[in-house]
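Here's the structure we're looking at; comments come further down.
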Amino acid sequence: MDPKAVSVSSNHLSAKHGGDWVMAATLGQHRSAAIVHQLRWFHRVGVLGVGVIYVIFSLTVRPAGGFFGNHFTDCLAGIALPCALLSIPAWEPLFRSLFVSLLSTLGATLSAAVVWEVLVPLVDNDSVGDPWDVVAYLVGALVYWVASEVIVRRLRKGPAND
């Protein structure tokens, strides 16, 4: 995105391109177009990375029982949910308000977990709800939030301050 297409004032961020201003305006503080672009790549890499980890883990090393056998994939789902919803520019305006703070991120993830762990077992006899899976979804959402905040802080510093 062309940096000249973005204008920033104390209460307003607008852009003439894509939905980048949407993400920048809803992630708390105003961020430059470069940071928004990097966050979109973070979300895309997050979805792909979690997907690859899930496939490898599920097909090769998944132990029977314990945290890794029962809840690790639910933690991955808690990371993948915000990454997936915010990586697609067409979906971003629909879901951006769900991930503007830690509390809203946890709330959105809790909603998805309740659907998956409470409602799906009501209609699918092969599905079993597990309250610990809900906790695992929330842990994944917390990991997502911390990772995104660390990335944003590093991007704000810029390469000169590393």
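Note that this is a predicted model, so its numbers are computed, not measured.
Hydrophobic clustering (ILVMFWY, side-chain heavy atoms < 4.5 Å, transitive): F99 and L39 are in one cluster. Side-chain heavy atoms closer than 4.5 Å link hydrophobic residues (I, L, V, M, F, W, Y) into clusters, and following such links, even through other members, never connects V47 to I151. Under the 4.5 Å side-chain heavy-atom criterion for grouping Ile, Leu, Val, Met, Phe, Trp and Tyr, L76 is connected to V143 within one hydrophobic cluster. Cluster membership check: V150 shares its hydrophobic cluster with L142, using side-chain heavy-atom separations under 4.5 Å among Ile, Leu, Val, Met, Phe, Trp and Tyr. L138 and L102 fall within the same hydrophobic cluster, where Ile, Leu, Val, Met, Phe, Trp and Tyr residues are linked whenever their side-chain heavy atoms come under 4.5 Å apart, directly or through other members.
Shown here for S87 and H43, the closest heavy-atom pair between the two residues is CB-CB, 3.7 Å. Of all heavy-atom pairs between A80 and V50, the closest is CB-CG1, 3.8 Å. What you find for R40 and L86 is that their closest heavy atoms are NE-O, 4.4 Å.
Within 6.0 Å of CG in D124 there are more than 12 heavy atoms belonging to other residues, nucleotides or ligands. The number of heavy atoms from other shown groups lying within 6.0 Å of CZ (F95) is above 12.
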Pairs under 3.5 angstrom only: tabulate donor-acceptor contacts from the side chains of residues 105-122 to other protein residues two or more places apart or in another chain.
from	atom 1	to	atom 2	distance (Å)
T105	OG1	S101	O	2.8
T109	OG1	T105	O	2.8
S111	OG	G107	O	3.0
E117	OE1	D130	N	3.0

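Proximity of L94 to L85: side-chain heavy atoms (C-beta onward) are nowhere separated by under 4.5 Å.
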Quiz item: Can you list the steps and then say if Y144 with C83 is a side chain to side chain contact (heavy atoms under 4.5 Å, CB included)?
Solution: CA-CA 8 Å; Y144 160 80; C83 287; 3.8 Å; yes

Quiz item: Would I53 and F72 satisfy side chain to side chain contact (heavy atoms under 4.5 Å, CB included), going step by step from the backbone distance to the final call?
Solution: CA-CA 10 Å; I53 291 169; F72 181 66; 4.0 Å; yes

Self-check item: Verdict with supporting geometry, S104 and L98, side chain to side chain contact (heavy atoms under 4.5 Å, CB included)
Solution: CA-CA 5 Å; S104 65; L98 298 177; 5.9 Å; no

